[in-house]
Amino acid sequence: MSDIPSAEPNHNALNIQGLCKYFFGLRALDGVSFSLSRGEILGLIGPNGSGKTTLINVVTGLLPATSGQVFVDGTEITNKKPYQIAYAGLARTFQTIRLFRELTVLENVEVAAVSMGLSRKAARQRAIEILEEIGISRWSEMLASVLPYGLERRVEIARALATQPKFLFLDEPAAGLNEDESEELLQVLSSIPARKNLGMLIVDHDMRLIMRLCNRLHVLNFGKTIGMGTPEEVRKIPAVLQAYLGKTVAGV
Amino acid sequence: MINLEFIINTISLGSLYAMLALGLVIIYGILRLVNFAYGELIMVGGYTLYLLASFSPLPWLFIALLAVLVAMFTSLFTELVAFRPVREKSLTAMLVTSFAVSTLLQNGALLIISPRARAVVLPQIFQTSVMIAGTSVPWRNILTILTSLVMLVLLTLLLRHTVLGIALRAAADNFTMTRMLGVPANTVISAAFAISGIMAGLVSIFWISRSATVTPALGAPPLLVAFVATVIGGMRSLTGAVVGGFVYAIVISLLGVLLPPGLLEFREAFMFVFVIIILLFRPQGLISSKTSVERVG
(Lines give C-alpha, C1' and ligand atoms only; values in the text may rest on other atoms or scores of the structure.)
Protein backbone atom coordinates (compact mmCIF):
# COMPACT_ATOMS: atom_id res chain seq x y z
CA MET A 1 0.00 0.00 0.00
CA SER A 2 1.18 3.49 -0.74
CA ASP A 3 -0.57 5.23 2.12
CA ILE A 4 1.05 3.48 5.07
CA PRO A 5 1.44 6.11 7.79
CA SER A 6 4.79 6.73 9.43
CA ALA A 7 6.03 4.20 11.96
CA GLU A 8 5.85 6.87 14.65
CA PRO A 9 2.51 6.28 16.38
CA ASN A 10 0.44 9.35 17.07
CA HIS A 11 -0.05 10.08 20.75
CA ASN A 12 -3.63 11.16 20.52
CA ALA A 13 -5.03 8.60 18.14
CA LEU A 14 -5.67 4.99 17.39
CA ASN A 15 -3.04 3.75 14.98
CA ILE A 16 -3.35 0.56 13.00
CA GLN A 17 -0.24 -0.44 11.09
CA GLY A 18 0.01 -3.21 8.52
CA LEU A 19 -2.60 -5.35 10.24
CA CYS A 20 -2.90 -8.88 8.82
CA LYS A 21 -5.20 -11.71 9.75
CA TYR A 22 -4.96 -14.99 7.87
CA PHE A 23 -7.40 -17.82 8.38
CA PHE A 24 -5.27 -20.66 7.06
CA GLY A 25 -4.92 -19.64 3.40
CA LEU A 26 -7.53 -16.91 3.45
CA ARG A 27 -6.23 -13.39 3.85
CA ALA A 28 -9.09 -11.78 5.74
CA LEU A 29 -6.96 -8.72 6.48
CA ASP A 30 -3.97 -8.02 4.32
CA GLY A 31 -1.83 -5.14 5.53
CA VAL A 32 -4.48 -2.63 6.60
CA SER A 33 -3.22 0.67 8.03
CA PHE A 34 -5.08 3.73 9.18
CA SER A 35 -5.44 6.02 12.12
CA LEU A 36 -8.41 7.43 13.96
CA SER A 37 -8.22 10.68 15.92
CA ARG A 38 -10.24 11.75 18.92
CA GLY A 39 -13.40 13.55 17.97
CA GLU A 40 -13.43 12.06 14.51
CA ILE A 41 -15.95 9.68 12.91
CA LEU A 42 -14.41 7.20 10.51
CA GLY A 43 -16.56 4.97 8.34
CA LEU A 44 -15.16 1.54 7.55
CA ILE A 45 -16.95 0.25 4.48
CA GLY A 46 -16.64 -2.50 1.95
CA PRO A 47 -18.63 -5.35 0.44
CA ASN A 48 -19.66 -8.37 2.50
CA GLY A 49 -16.67 -10.43 3.52
CA SER A 50 -14.21 -7.63 2.90
CA GLY A 51 -12.78 -7.91 6.42
CA LYS A 52 -14.55 -5.11 8.30
CA THR A 53 -15.78 -7.16 11.23
CA THR A 54 -12.53 -9.16 11.26
CA LEU A 55 -10.68 -5.88 11.65
CA ILE A 56 -12.79 -4.90 14.64
CA ASN A 57 -12.40 -8.37 16.15
CA VAL A 58 -8.62 -8.29 15.78
CA VAL A 59 -8.24 -4.75 17.11
CA THR A 60 -10.46 -5.43 20.14
CA GLY A 61 -8.59 -8.63 20.97
CA LEU A 62 -11.28 -11.15 20.09
CA LEU A 63 -9.06 -12.66 17.39
CA PRO A 64 -5.25 -12.72 17.42
CA ALA A 65 -3.54 -10.73 14.67
CA THR A 66 -1.28 -12.64 12.29
CA SER A 67 0.97 -9.61 11.99
CA GLY A 68 0.83 -5.85 12.28
CA GLN A 69 0.41 -3.52 15.20
CA VAL A 70 -2.29 -1.52 16.95
CA PHE A 71 -1.53 1.51 19.12
CA VAL A 72 -3.82 3.50 21.40
CA ASP A 73 -2.34 6.91 22.14
CA GLY A 74 1.10 5.55 21.37
CA THR A 75 0.80 2.42 23.53
CA GLU A 76 0.79 -0.89 21.73
CA ILE A 77 -2.24 -3.09 22.41
CA THR A 78 -1.79 -5.72 19.69
CA ASN A 79 -2.94 -9.16 20.84
CA LYS A 80 -3.55 -8.01 24.40
CA LYS A 81 -6.35 -9.61 26.39
CA PRO A 82 -9.84 -8.18 25.87
CA TYR A 83 -9.97 -6.61 29.32
CA GLN A 84 -6.58 -4.97 28.84
CA ILE A 85 -7.76 -3.53 25.55
CA ALA A 86 -10.89 -2.25 27.25
CA TYR A 87 -8.69 -0.64 29.89
CA ALA A 88 -6.55 0.93 27.19
CA GLY A 89 -9.67 2.76 26.04
CA LEU A 90 -11.33 0.71 23.32
CA ALA A 91 -15.00 -0.19 23.39
CA ARG A 92 -17.23 -1.79 20.79
CA THR A 93 -20.70 -2.92 19.95
CA PHE A 94 -21.58 -6.07 18.05
CA GLN A 95 -23.33 -6.74 14.78
CA THR A 96 -25.50 -9.24 16.61
CA ILE A 97 -26.64 -7.60 19.82
CA ARG A 98 -25.01 -9.01 22.91
CA LEU A 99 -26.81 -7.52 25.86
CA PHE A 100 -26.92 -9.30 29.19
CA ARG A 101 -30.46 -10.48 28.70
CA GLU A 102 -31.20 -11.36 32.31
CA LEU A 103 -29.94 -8.04 33.63
CA THR A 104 -31.86 -4.80 33.57
CA VAL A 105 -30.92 -2.02 31.15
CA LEU A 106 -29.34 -0.10 34.02
CA GLU A 107 -27.40 -3.13 35.22
CA ASN A 108 -26.14 -3.75 31.69
CA VAL A 109 -24.56 -0.32 31.68
CA GLU A 110 -23.39 -0.73 35.28
CA VAL A 111 -21.37 -3.85 34.43
CA ALA A 112 -19.37 -1.78 31.99
CA ALA A 113 -18.79 0.92 34.59
CA VAL A 114 -17.72 -1.44 37.42
CA SER A 115 -15.36 -3.21 35.07
CA MET A 116 -13.42 0.04 34.84
CA GLY A 117 -12.90 -0.06 38.59
CA LEU A 118 -15.82 2.00 39.85
CA SER A 119 -17.70 1.08 43.03
CA ARG A 120 -21.28 -0.11 42.64
CA LYS A 121 -22.56 3.27 43.76
CA ALA A 122 -20.39 5.27 41.38
CA ALA A 123 -21.13 2.82 38.59
CA ARG A 124 -24.86 3.22 39.11
CA GLN A 125 -24.48 7.00 39.01
CA ARG A 126 -22.52 6.87 35.76
CA ALA A 127 -24.99 4.42 34.24
CA ILE A 128 -27.91 6.68 35.10
CA GLU A 129 -26.18 9.67 33.50
CA ILE A 130 -25.34 7.81 30.31
CA LEU A 131 -28.84 6.39 29.90
CA GLU A 132 -30.07 9.95 30.27
CA GLU A 133 -27.72 11.18 27.57
CA ILE A 134 -28.66 8.43 25.14
CA GLY A 135 -32.30 9.10 25.91
CA ILE A 136 -33.30 5.68 27.22
CA SER A 137 -33.52 6.27 30.97
CA ARG A 138 -37.25 5.54 30.76
CA TRP A 139 -36.42 1.86 30.21
CA SER A 140 -33.64 1.56 32.78
CA GLU A 141 -35.43 -0.90 35.07
CA MET A 142 -36.57 -3.14 32.23
CA LEU A 143 -34.95 -6.52 31.62
CA ALA A 144 -32.82 -6.38 28.49
CA SER A 145 -34.53 -9.48 27.10
CA VAL A 146 -37.86 -7.69 26.71
CA LEU A 147 -36.62 -4.55 24.96
CA PRO A 148 -37.66 -3.73 21.43
CA TYR A 149 -34.88 -4.16 18.89
CA GLY A 150 -34.22 -0.51 18.21
CA LEU A 151 -33.66 0.18 21.89
CA GLU A 152 -31.33 -2.78 22.28
CA ARG A 153 -28.94 -1.06 19.90
CA ARG A 154 -28.94 2.05 22.01
CA VAL A 155 -28.37 0.12 25.23
CA GLU A 156 -25.33 -1.47 23.60
CA ILE A 157 -24.00 1.96 22.74
CA ALA A 158 -24.72 3.22 26.25
CA ARG A 159 -22.92 0.22 27.68
CA ALA A 160 -19.89 0.79 25.49
CA LEU A 161 -19.81 4.45 26.54
CA ALA A 162 -19.88 3.52 30.22
CA THR A 163 -16.29 2.28 29.96
CA GLN A 164 -15.42 5.88 28.99
CA PRO A 165 -13.60 4.77 25.86
CA LYS A 166 -11.15 6.84 23.90
CA PHE A 167 -12.20 4.99 20.78
CA LEU A 168 -15.55 3.40 20.07
CA PHE A 169 -16.17 0.79 17.36
CA LEU A 170 -19.71 0.28 16.17
CA ASP A 171 -20.32 -2.82 14.08
CA GLU A 172 -23.42 -2.21 11.96
CA PRO A 173 -25.32 -0.09 14.48
CA ALA A 174 -28.12 0.58 12.00
CA ALA A 175 -28.63 -3.05 10.92
CA GLY A 176 -32.28 -3.99 11.16
CA LEU A 177 -33.47 -0.49 12.06
CA ASN A 178 -36.27 1.17 10.15
CA GLU A 179 -35.88 4.66 8.67
CA ASP A 180 -37.09 6.51 11.74
CA GLU A 181 -34.95 4.50 14.11
CA SER A 182 -31.97 4.95 11.83
CA GLU A 183 -32.55 8.70 11.85
CA GLU A 184 -32.78 8.75 15.67
CA LEU A 185 -29.57 6.75 15.84
CA LEU A 186 -27.87 9.24 13.59
CA GLN A 187 -28.85 12.06 15.96
CA VAL A 188 -27.51 10.14 18.96
CA LEU A 189 -24.27 9.13 17.28
CA SER A 190 -23.36 12.38 15.61
CA SER A 191 -22.94 14.27 18.87
CA ILE A 192 -21.00 11.61 20.77
CA PRO A 193 -17.44 12.08 19.44
CA ALA A 194 -17.25 15.78 20.17
CA ARG A 195 -19.03 15.55 23.51
CA LYS A 196 -17.01 12.61 24.80
CA ASN A 197 -13.80 13.47 22.97
CA LEU A 198 -13.63 10.00 21.48
CA GLY A 199 -12.83 8.65 18.04
CA MET A 200 -15.63 6.60 16.52
CA LEU A 201 -15.31 3.92 13.89
CA ILE A 202 -18.51 2.81 12.19
CA VAL A 203 -19.09 -0.21 10.01
CA ASP A 204 -22.43 -0.16 8.25
CA HIS A 205 -24.14 -0.95 5.00
CA ASP A 206 -26.54 1.95 5.37
CA MET A 207 -24.77 4.33 2.99
CA ARG A 208 -27.09 7.23 3.75
CA LEU A 209 -26.14 7.00 7.41
CA ILE A 210 -22.43 6.55 6.66
CA MET A 211 -22.26 9.44 4.20
CA ARG A 212 -24.03 11.83 6.54
CA LEU A 213 -22.20 10.80 9.69
CA CYS A 214 -18.59 10.20 8.75
CA ASN A 215 -15.80 12.73 8.32
CA ARG A 216 -13.66 10.18 6.59
CA LEU A 217 -14.08 6.77 4.97
CA HIS A 218 -11.80 3.80 4.69
CA VAL A 219 -12.76 1.19 2.11
CA LEU A 220 -11.78 -2.48 2.25
CA ASN A 221 -12.13 -5.24 -0.32
CA PHE A 222 -10.77 -8.77 0.15
CA GLY A 223 -8.91 -7.58 3.24
CA LYS A 224 -7.06 -4.81 1.43
CA THR A 225 -7.51 -1.05 1.50
CA ILE A 226 -8.86 0.09 -1.83
CA GLY A 227 -9.57 3.68 -0.94
CA MET A 228 -9.68 6.32 1.75
CA GLY A 229 -10.65 9.96 2.12
CA THR A 230 -13.69 12.13 2.64
CA PRO A 231 -17.02 10.71 1.48
CA GLU A 232 -16.82 12.95 -1.62
CA GLU A 233 -13.33 11.78 -2.47
CA VAL A 234 -14.13 8.13 -1.95
CA ARG A 235 -17.09 8.34 -4.28
CA LYS A 236 -14.73 9.18 -7.11
CA ILE A 237 -12.21 6.38 -6.63
CA PRO A 238 -12.74 3.91 -9.50
CA ALA A 239 -11.76 0.82 -7.52
CA VAL A 240 -14.28 1.75 -4.85
CA LEU A 241 -17.03 2.44 -7.33
CA GLN A 242 -16.40 -0.85 -8.98
CA ALA A 243 -16.12 -2.92 -5.80
CA TYR A 244 -18.84 -1.40 -3.76
CA LEU A 245 -20.44 1.97 -4.23
CA GLY A 246 -20.89 1.50 -7.95
CA LYS A 247 -23.17 -1.42 -7.49
CA THR A 248 -25.04 0.16 -4.60
CA VAL A 249 -25.53 3.48 -6.34
CA ALA A 250 -26.53 1.79 -9.55
CA GLY A 251 -28.95 -0.43 -7.67
CA VAL A 252 -30.77 2.38 -5.88
CA MET B 1 -46.26 -40.97 56.44
CA ILE B 2 -46.45 -37.33 55.55
CA ASN B 3 -46.19 -35.64 58.92
CA LEU B 4 -44.14 -32.83 60.41
CA GLU B 5 -41.09 -35.02 60.72
CA PHE B 6 -41.29 -35.94 57.06
CA ILE B 7 -41.69 -32.31 56.06
CA ILE B 8 -38.72 -31.08 58.10
CA ASN B 9 -36.55 -33.94 56.89
CA THR B 10 -37.46 -33.25 53.29
CA ILE B 11 -36.77 -29.53 53.63
CA SER B 12 -33.44 -30.38 55.19
CA LEU B 13 -32.59 -32.77 52.36
CA GLY B 14 -33.74 -30.16 49.84
CA SER B 15 -31.54 -27.52 51.48
CA LEU B 16 -28.56 -29.83 51.25
CA TYR B 17 -29.25 -30.66 47.61
CA ALA B 18 -29.81 -26.99 46.80
CA MET B 19 -26.35 -26.09 48.15
CA LEU B 20 -24.94 -29.04 46.26
CA ALA B 21 -26.52 -27.98 42.98
CA LEU B 22 -25.55 -24.32 43.44
CA GLY B 23 -21.89 -25.26 43.64
CA LEU B 24 -22.12 -27.06 40.31
CA VAL B 25 -24.23 -24.46 38.51
CA ILE B 26 -22.13 -21.46 39.47
CA ILE B 27 -19.29 -22.85 37.37
CA TYR B 28 -21.49 -24.21 34.61
CA GLY B 29 -23.16 -20.82 34.25
CA ILE B 30 -19.88 -19.15 33.34
CA LEU B 31 -17.76 -21.84 31.67
CA ARG B 32 -20.46 -24.24 30.41
CA LEU B 33 -18.40 -26.85 32.22
CA VAL B 34 -19.97 -29.62 34.27
CA ASN B 35 -17.16 -29.99 36.76
CA PHE B 36 -16.97 -33.73 37.38
CA ALA B 37 -14.33 -33.12 40.03
CA TYR B 38 -16.94 -31.34 42.15
CA GLY B 39 -17.74 -34.50 44.10
CA GLU B 40 -14.09 -34.88 45.02
CA LEU B 41 -14.13 -31.44 46.65
CA ILE B 42 -16.72 -32.88 49.00
CA MET B 43 -14.46 -35.88 49.54
CA VAL B 44 -11.53 -33.55 50.30
CA GLY B 45 -13.71 -31.67 52.80
CA GLY B 46 -14.65 -35.02 54.34
CA TYR B 47 -11.08 -36.13 54.80
CA THR B 48 -10.17 -32.78 56.32
CA LEU B 49 -12.94 -33.36 58.86
CA TYR B 50 -11.72 -36.89 59.51
CA LEU B 51 -8.07 -35.96 59.93
CA LEU B 52 -8.62 -32.91 62.09
CA ALA B 53 -11.33 -34.48 64.25
CA SER B 54 -9.21 -37.58 64.87
CA PHE B 55 -5.74 -36.12 65.23
CA SER B 56 -6.08 -32.53 66.36
CA PRO B 57 -7.40 -30.97 69.55
CA LEU B 58 -9.17 -28.19 67.64
CA PRO B 59 -12.79 -27.38 68.52
CA TRP B 60 -15.30 -28.81 66.08
CA LEU B 61 -16.63 -25.52 64.76
CA PHE B 62 -13.10 -24.55 63.83
CA ILE B 63 -12.56 -27.93 62.17
CA ALA B 64 -15.71 -27.45 60.11
CA LEU B 65 -14.53 -24.01 59.04
CA LEU B 66 -11.16 -25.44 58.02
CA ALA B 67 -12.88 -28.19 55.99
CA VAL B 68 -14.78 -25.52 54.07
CA LEU B 69 -11.58 -23.54 53.49
CA VAL B 70 -9.64 -26.61 52.36
CA ALA B 71 -12.42 -27.49 49.87
CA MET B 72 -12.41 -23.89 48.64
CA PHE B 73 -8.63 -23.79 48.15
CA THR B 74 -8.66 -27.21 46.48
CA SER B 75 -11.27 -25.87 44.08
CA LEU B 76 -9.19 -22.75 43.36
CA PHE B 77 -6.08 -24.88 42.97
CA THR B 78 -7.70 -27.26 40.46
CA GLU B 79 -8.84 -24.26 38.45
CA LEU B 80 -5.36 -22.77 38.45
CA VAL B 81 -3.34 -25.87 37.54
CA ALA B 82 -5.84 -27.97 35.58
CA PHE B 83 -8.64 -25.93 34.05
CA ARG B 84 -6.96 -22.62 33.29
CA PRO B 85 -4.32 -24.10 30.94
CA VAL B 86 -6.95 -25.82 28.77
CA ARG B 87 -9.67 -23.18 29.03
CA GLU B 88 -8.97 -21.54 25.70
CA LYS B 89 -8.81 -24.90 23.90
CA SER B 90 -12.22 -26.48 23.93
CA LEU B 91 -15.08 -27.43 26.19
CA THR B 92 -14.29 -31.10 25.58
CA ALA B 93 -10.75 -30.56 26.86
CA MET B 94 -12.18 -28.99 30.01
CA LEU B 95 -14.62 -31.84 30.50
CA VAL B 96 -11.92 -34.47 30.13
CA THR B 97 -9.73 -32.45 32.48
CA SER B 98 -12.47 -32.50 35.08
CA PHE B 99 -12.55 -36.31 34.89
CA ALA B 100 -8.77 -36.35 35.25
CA VAL B 101 -8.88 -34.09 38.31
CA SER B 102 -11.60 -36.26 39.79
CA THR B 103 -9.57 -39.45 39.27
CA LEU B 104 -6.38 -37.86 40.58
CA LEU B 105 -8.01 -36.64 43.76
CA GLN B 106 -9.72 -39.99 44.36
CA ASN B 107 -6.50 -41.92 43.83
CA GLY B 108 -4.66 -39.45 46.00
CA ALA B 109 -7.04 -40.29 48.83
CA LEU B 110 -6.64 -44.02 48.15
CA LEU B 111 -2.86 -43.79 48.27
CA ILE B 112 -2.37 -41.35 51.08
CA ILE B 113 -5.14 -42.41 53.42
CA SER B 114 -6.81 -45.73 52.75
CA PRO B 115 -9.31 -47.40 50.42
CA ARG B 116 -11.31 -48.33 53.51
CA ALA B 117 -13.95 -46.15 55.07
CA ARG B 118 -12.76 -43.97 57.91
CA ALA B 119 -15.00 -43.04 60.79
CA VAL B 120 -15.38 -39.31 61.30
CA VAL B 121 -15.73 -38.22 64.90
CA LEU B 122 -18.78 -36.01 64.93
CA PRO B 123 -19.71 -33.51 67.63
CA GLN B 124 -22.54 -34.30 69.99
CA ILE B 125 -24.97 -31.97 68.29
CA PHE B 126 -25.12 -34.13 65.15
CA GLN B 127 -26.38 -37.07 67.18
CA THR B 128 -29.02 -35.33 69.22
CA SER B 129 -32.54 -34.29 68.45
CA VAL B 130 -34.90 -31.63 69.61
CA MET B 131 -38.65 -31.92 70.20
CA ILE B 132 -40.68 -29.66 67.92
CA ALA B 133 -44.48 -29.87 68.19
CA GLY B 134 -44.29 -33.38 69.55
CA THR B 135 -41.90 -34.69 66.92
CA SER B 136 -38.28 -35.44 67.40
CA VAL B 137 -36.19 -33.52 64.86
CA PRO B 138 -32.45 -34.16 64.54
CA TRP B 139 -30.33 -31.07 65.13
CA ARG B 140 -28.40 -32.07 62.03
CA ASN B 141 -31.45 -31.33 59.88
CA ILE B 142 -32.09 -27.99 61.53
CA LEU B 143 -28.45 -27.01 61.05
CA THR B 144 -28.60 -28.01 57.37
CA ILE B 145 -31.64 -25.82 56.80
CA LEU B 146 -30.13 -22.87 58.67
CA THR B 147 -26.79 -23.13 56.88
CA SER B 148 -28.38 -23.26 53.45
CA LEU B 149 -30.63 -20.31 54.32
CA VAL B 150 -27.61 -18.27 55.39
CA MET B 151 -25.75 -19.26 52.23
CA LEU B 152 -28.69 -18.35 50.00
CA VAL B 153 -28.97 -14.95 51.64
CA LEU B 154 -25.21 -14.34 51.41
CA LEU B 155 -25.10 -15.45 47.79
CA THR B 156 -28.05 -13.25 46.89
CA LEU B 157 -26.48 -10.24 48.61
CA LEU B 158 -23.19 -10.92 46.86
CA LEU B 159 -24.81 -11.19 43.44
CA ARG B 160 -27.11 -8.18 43.89
CA HIS B 161 -24.97 -5.66 45.66
CA THR B 162 -21.30 -6.17 44.98
CA VAL B 163 -19.01 -5.43 42.08
CA LEU B 164 -18.01 -9.08 41.92
CA GLY B 165 -21.66 -10.08 41.98
CA ILE B 166 -22.71 -8.02 38.99
CA ALA B 167 -19.62 -9.24 37.12
CA LEU B 168 -20.54 -12.85 37.93
CA ARG B 169 -24.11 -12.35 36.74
CA ALA B 170 -22.94 -10.67 33.57
CA ALA B 171 -20.38 -13.41 32.95
CA ALA B 172 -23.00 -16.11 33.43
CA ASP B 173 -25.12 -14.28 30.89
CA ASN B 174 -22.46 -13.66 28.25
CA PHE B 175 -18.88 -14.30 29.22
CA THR B 176 -17.26 -12.99 26.05
CA MET B 177 -19.09 -9.70 26.28
CA THR B 178 -18.20 -9.34 29.94
CA ARG B 179 -14.53 -9.70 29.08
CA MET B 180 -14.84 -7.23 26.23
CA LEU B 181 -16.15 -4.68 28.69
CA GLY B 182 -13.00 -4.98 30.78
CA VAL B 183 -13.74 -7.65 33.38
CA PRO B 184 -10.69 -9.95 33.72
CA ALA B 185 -11.80 -13.51 32.96
CA ASN B 186 -9.55 -15.08 35.59
CA THR B 187 -11.02 -13.03 38.43
CA VAL B 188 -14.57 -14.04 37.60
CA ILE B 189 -13.69 -17.70 37.09
CA SER B 190 -11.64 -17.88 40.29
CA ALA B 191 -14.54 -16.37 42.19
CA ALA B 192 -16.90 -18.98 40.76
CA PHE B 193 -14.56 -21.81 41.70
CA ALA B 194 -14.15 -20.37 45.20
CA ILE B 195 -17.93 -20.24 45.70
CA SER B 196 -18.23 -23.76 44.31
CA GLY B 197 -15.56 -24.98 46.75
CA ILE B 198 -17.27 -23.30 49.70
CA MET B 199 -20.53 -25.03 48.78
CA ALA B 200 -18.73 -28.38 48.48
CA GLY B 201 -17.08 -27.86 51.87
CA LEU B 202 -20.38 -27.06 53.57
CA VAL B 203 -22.07 -30.00 51.90
CA SER B 204 -19.27 -32.30 53.03
CA ILE B 205 -20.05 -31.51 56.68
CA PHE B 206 -23.73 -32.38 56.39
CA TRP B 207 -23.28 -35.23 53.93
CA ILE B 208 -20.81 -36.92 56.25
CA SER B 209 -22.91 -36.22 59.31
CA ARG B 210 -25.42 -38.73 57.85
CA SER B 211 -23.06 -41.68 57.57
CA ALA B 212 -20.21 -40.55 59.86
CA THR B 213 -17.69 -42.17 57.51
CA VAL B 214 -15.57 -40.99 54.63
CA THR B 215 -14.24 -43.02 51.67
CA PRO B 216 -12.26 -42.04 48.56
CA ALA B 217 -15.36 -42.64 46.42
CA LEU B 218 -17.50 -40.42 48.62
CA GLY B 219 -17.83 -37.78 45.90
CA ALA B 220 -19.76 -39.80 43.34
CA PRO B 221 -23.26 -39.88 44.90
CA PRO B 222 -23.40 -36.15 45.70
CA LEU B 223 -22.10 -35.31 42.22
CA LEU B 224 -24.89 -37.37 40.70
CA VAL B 225 -27.48 -35.68 42.91
CA ALA B 226 -26.10 -32.25 42.03
CA PHE B 227 -26.09 -33.06 38.32
CA VAL B 228 -29.63 -34.44 38.29
CA ALA B 229 -30.90 -31.53 40.40
CA THR B 230 -29.42 -28.99 38.00
CA VAL B 231 -30.84 -30.85 35.01
CA ILE B 232 -34.29 -30.75 36.62
CA GLY B 233 -34.03 -27.12 37.65
CA GLY B 234 -32.24 -25.81 34.57
CA MET B 235 -28.48 -25.72 34.11
CA ARG B 236 -28.35 -22.02 33.46
CA SER B 237 -29.86 -20.45 36.52
CA LEU B 238 -29.02 -20.35 40.21
CA THR B 239 -32.72 -20.28 41.03
CA GLY B 240 -33.03 -23.40 38.93
CA ALA B 241 -30.36 -25.11 41.03
CA VAL B 242 -32.25 -24.37 44.23
CA VAL B 243 -35.57 -25.46 42.73
CA GLY B 244 -33.98 -28.59 41.28
CA GLY B 245 -32.42 -29.48 44.62
CA PHE B 246 -35.76 -29.21 46.39
CA VAL B 247 -37.70 -31.05 43.68
CA TYR B 248 -35.17 -33.88 43.83
CA ALA B 249 -35.46 -34.07 47.63
CA ILE B 250 -39.26 -33.97 47.60
CA VAL B 251 -39.62 -36.64 44.91
CA ILE B 252 -37.06 -38.99 46.42
CA SER B 253 -38.61 -38.59 49.89
CA LEU B 254 -42.13 -39.16 48.57
CA LEU B 255 -40.97 -42.24 46.71
CA GLY B 256 -39.52 -43.43 50.00
CA VAL B 257 -42.91 -43.37 51.71
CA LEU B 258 -45.19 -44.17 48.77
CA LEU B 259 -43.42 -47.11 47.15
CA PRO B 260 -44.28 -50.57 48.46
CA PRO B 261 -41.39 -52.05 50.46
CA GLY B 262 -40.52 -54.51 47.66
CA LEU B 263 -39.83 -51.65 45.23
CA LEU B 264 -37.93 -49.39 47.62
CA GLU B 265 -34.57 -50.50 46.37
CA PHE B 266 -35.55 -49.19 42.92
CA ARG B 267 -36.20 -45.72 44.32
CA GLU B 268 -33.44 -44.15 42.19
CA ALA B 269 -34.81 -45.82 39.05
CA PHE B 270 -38.22 -44.25 39.70
CA MET B 271 -36.46 -40.96 40.35
CA PHE B 272 -34.83 -41.07 36.93
CA VAL B 273 -38.13 -41.95 35.26
CA PHE B 274 -39.49 -38.79 36.85
CA VAL B 275 -36.50 -36.80 35.56
CA ILE B 276 -37.09 -38.14 32.05
CA ILE B 277 -40.74 -37.12 32.24
CA ILE B 278 -39.74 -33.58 33.31
CA LEU B 279 -37.22 -33.35 30.49
CA LEU B 280 -39.77 -34.55 27.92
CA PHE B 281 -41.96 -31.59 28.74
CA ARG B 282 -39.28 -29.07 29.73
CA PRO B 283 -36.00 -29.99 28.05
CA GLN B 284 -34.42 -26.79 29.32
CA GLY B 285 -35.31 -27.63 32.93
CA LEU B 286 -38.00 -26.13 35.13
CA ILE B 287 -36.41 -22.69 35.24
CA SER B 288 -35.38 -21.71 31.74
CA SER B 289 -32.96 -18.97 30.90
CA LYS B 290 -32.98 -16.37 28.19
CA THR B 291 -29.26 -16.07 28.04
CA SER B 292 -27.09 -17.05 25.13
CA VAL B 293 -25.84 -20.61 24.86
CA GLU B 294 -22.50 -19.83 23.29
CA ARG B 295 -19.34 -20.49 25.18
CA VAL B 296 -15.97 -18.93 24.68
CA GLY B 297 -13.17 -19.74 27.08
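Just so it is clear, the structure is predicted and the values come from calculations on it, not from any experiment. Reckoned from all heavy atoms, side chains included, excluding hydrogens, waters and symmetry mates. Reminder, nothing fancy here: chain letters follow the sequence lines and each chain counts from 1.
- With respect to chain B, the highest number of heavy-atom pairs below 4.5 Å among A:Ser115, A:Ala86, A:Pro82 belongs to A:Ser115.
- B:Phe73 CZ: 12 or fewer foreign heavy atoms inside a 6.0 Å radius.
- Side chains of B:Met177 and A:Phe100 form a contact here, defined as non-hydrogen atoms less than 4.5 Å apart.
- For the pair A:Leu103 and B:Ile166, the tightest heavy-atom approach, listed with the atom from each and the gap, is CD2-CG1, 4.4 Å.
- Enclosure of atom CZ in B:Phe281 is not indicated, since only 12 or fewer non-hydrogen atoms of other residues, nucleotides or ligands lie within 6.0 angstrom.
- Looking only at distances, a side-chain donor or acceptor of A:Arg120 sits under 3.5 Å from a matching main-chain atom of B:Arg160.
- Comparing A:Leu90, A:Ile85, A:Val111 by heavy-atom pairs within less than 4.5 Å of chain B, the highest count is held by A:Val111.
- The neighbour count for B:Arg282 CZ, taken as heavy atoms of other residues, nucleotides or ligands under 6.0 Å away, is above 12.
- The shortest side-chain heavy-atom distance between B:Arg169 and A:Glu102 does not fall under the 4.5 Å cut-off.
- By the 6.0 Å contact criterion, CZ on B:Phe77 is open, its count of non-hydrogen atoms from other residues, nucleotides or ligands being 12 or less.
- Test A:Asn108, A:Val109, A:Thr163, A:Val114 against B:Leu181 for side chain to side chain contact (heavy atoms under 4.5 Å, CB included) and you get one pass: A:Thr163.
- Interface remark: A:Ala91 contributes no atoms to any contact with chain B (heavy atom separation under 4.5 Å).
- For B:Thr178, the parts lying under 4.5 angstrom from a heavy atom of chain A are both the backbone and the side chain.
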